[in-house]
2 protein chains.
Amino acid sequence: MDLDRKDLAILAELTTNARASHTELANKVGLSSTALARRQKALEDDGYIQAYQAALDLAQFGLTTTVLVRIALESQSDEALKAFEAEVVKCPSVVRCFLMSGTDDYILIVLARDIQDFERIHRTELSRLPRVARVQSSFALREIVNRAVPTVVFGEAKR
Amino acid sequence: MDLDRKDLAILAELTTNARASHTELANKVGLSSTALARRQKALEDDGYIQAYQAALDLAQFGLTTTVLVRIALESQSDEALKAFEAEVVKCPSVVRCFLMSGTDDYILIVLARDIQDFERIHRTELSRLPRVARVQSSFALREIVNRAVPTVVFGEAKR
DNA sequence: TCTCCTTGGGCACACCGACGCGCATCTTGG
DNA sequence: CCAAGATGCGCGTCGGTGTGCCCAAGGAGA
């Protein structure tokens, strides 16, 4: 990983405007469009940029309620973990799922329309997960930070 | 919100290929480029599409460790919440922060290079947050699901 | 110190494709 | 039966993108 300030500036800008043209980016970064195209392609080929994706406003779809769900399994056997994970990926309302150290086995982040909708999700998605011993839900009252990329990434200039 | 299947197909595709051209999208959705351009612009103007952003591979930056941090404050006064939140947004390693119901006041998601790096973050970022009574950290051993958009969104066709 | 070589940058050009417009057609609802 | 909204086709223009070439800077070696 040897990225200079200009590479980071390109990444920072593309994190905001993924559809920016070479010329547009070149002006912001301080390069010619040729040099910028080379660097951008290198960033893609080297895997720093995984994809370009549209960010949807989930509130527009009525998904205003975020729920953190802690799940403990009946057993921590490899077979139980595999069975649980095979099913949890199918849950349409689950956006993240971590296998955790400590007492809780899994932590899920679930998006719902409201509390009543979460009751439905709990009934139709979560309670059907296999090998579950305990489910504990906490509602997010407000979201203070939501970043795709930690700001620390853009401050690690090498050259 | 009155989106038909084609609108959802457009959104689903843009969630993967934000840089797809009108022609390219039109073929996948089953529309002409003209009709697609109109619908895409409408989706942007109506706020369904918030932005187009590049997704970075954080593992390439060495950020392979995800930590869930539970934080309880000394008091739940409005002033304490405001003071805490004003500082937590400045933490460069924090990617998400929720104000929670229940016993824990806040839950943060922190990205670190490794466990030693998290110790540094704990010392230089987290322990400097104001009004904190208790900090409890859990490490994510593995990530099973990581979606930007719940799949349920793309299944709600109206027309 | 001089020279060679490599790496990255900029300029100019040409090609290809995207984009937006106008108009005719079709469907949907009243 | 009519009106309004949506679609598709064709076209022209504009802009982006990629290539080739030359230049500047820095490092290595004789």
Side-chain angles (χ1 to χ4, degrees), chain A residues 1-57 60-62 148-149 153-159, chain B residues 1-62 148-149 153-159:
Chain A
M1 185 180 107
D2 56 338
L3 301 177
D4 60 6
R5 292 185 183 82
K6 290 181 179 175
D7 287 316
L8 296 177
I10 295 169
L11 293 176
E13 187 60 30
L14 284 173
T15 302
T16 308
N17 304 327
R19 309 197 67 152
S21 69
H22 292 166
T23 319
E24 194 175 339
L25 285 173
N27 290 336
K28 299 212 179 190
V29 176
L31 282 175
S32 69
S33 65
T34 311
L36 183 123
R38 271 197 293 260
R39 293 176 91 118
Q40 183 175 347
K41 184 172 186 333
L43 291 171
E44 294 166 359
D45 293 344
D46 295 349
Y48 291 103
I49 297 174
Q50 269 186 331
Y52 298 97
Q53 52 193 26
L56 306 188
D57 183 4
Q60 287 266 349
F61 295 89
V149 179
V153 168
F154 300 125
E156 304 174 333
K158 283 295 174 57
R159 274 175 275 165
Chain B
M1 184 181 109
D2 56 338
L3 301 177
D4 61 5
R5 292 184 183 81
K6 291 180 178 174
D7 286 316
L8 296 177
I10 295 169
L11 293 175
E13 187 60 30
L14 283 173
T15 302
T16 308
N17 304 328
R19 309 197 66 152
S21 68
H22 292 166
T23 319
E24 194 175 339
L25 285 172
N27 290 336
K28 299 212 179 188
V29 175
L31 281 175
S32 70
S33 64
T34 311
L36 184 123
R38 270 196 292 262
R39 294 175 90 118
Q40 182 174 348
K41 184 172 186 335
L43 290 170
E44 293 167 358
D45 293 344
D46 295 349
Y48 292 103
I49 298 174
Q50 270 187 331
Y52 298 98
Q53 53 193 27
L56 306 187
D57 184 4
L58 296 174
Q60 288 266 347
F61 295 89
V149 179
V153 168
F154 300 125
E156 306 175 333
K158 283 295 173 60
R159 272 176 277 167

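Quick note on labels: first sequence line is chain A, next is B, and so on, each numbered from 1.
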K.L.:
State, to 0.1 Å, how close L8(B) and V153(B) come at their nearest heavy-atom pair, and which atoms those are.
P.N.:
CD2-O, 3.8 Å

K.L.:
OP1, OP2 of dT7(C) versus side-chain N and O of R38(A): anything below 4.0 Å?
P.N.:
no

K.L.:
Compare every heavy atom of T15(A) with every heavy atom of F154(A), then report the nearest pair and how far apart it is.
P.N.:
CZ-OG1, 3.7 Å

K.L.:
Does A20(B) offer a backbone N or O that forms a donor-acceptor pair with the side chain of R19(A) under 3.5 Å?
P.N.:
yes

K.L.:
Looking at side-chain heavy atoms only, is the closest gap between I49(A) and D57(B) below 4.5 Å?
P.N.:
no

K.L.:
Is H22(B) close enough to dA18(C) that one of its side-chain N or O atoms is under 4.0 Å from OP1 or OP2 there?
P.N.:
no

K.L.:
To the nearest Å, give me how far apart NZ (K6(A)) and P (dG8(C)) are.
P.N.:
12 Å

K.L.:
Through what angle, rounded to 10 degrees, does the axis of the helix from dT1(C)-dA30(D) to dG30(C)-dC1(D) turn between its ends, using five pairs per end?
P.N.:
40°

K.L.:
Calculate the interatomic distance between K41(A) atom NZ and dG8(C) atom C1'; express it in whole Å.
P.N.:
17 Å

K.L.:
Report each atom pair, protein N/O against N/O of nucleotides 24-30 of chain C, whose distance is under 3.5 angstrom.
P.N.:
none

K.L.:
Counting only heavy atoms and a strict 4.0 angstrom limit, can you tell me which residues of residues 28-37 of chain A come near DNA chain C?
P.N.:
L31(A), S32(A), T34(A), A35(A)

K.L.:
Run L11(A) and V149(A) through side-chain contact (heavy atoms from CB on, under 4.5 Å) and show every step you take.
P.N.:
CA-CA 10 Å; L11(A) 293 176; V149(A) 179; over 6 Å; no

K.L.:
If we ignore hydrogens and angles and just use 3.5 Å, is the side chain of D4(B) paired with the main-chain N or O of K6(B) as donor and acceptor?
P.N.:
yes

K.L.:
For the pair E13(A) (side chain) and E24(A) (backbone), establish whether a donor and an acceptor sit closer than 3.5 Å, ignoring hydrogens and angles.
P.N.:
no

K.L.:
Rounding to an integer number of Å, can you tell me how far L25(B) CG sits from dG17(C) C1'?
P.N.:
15 Å

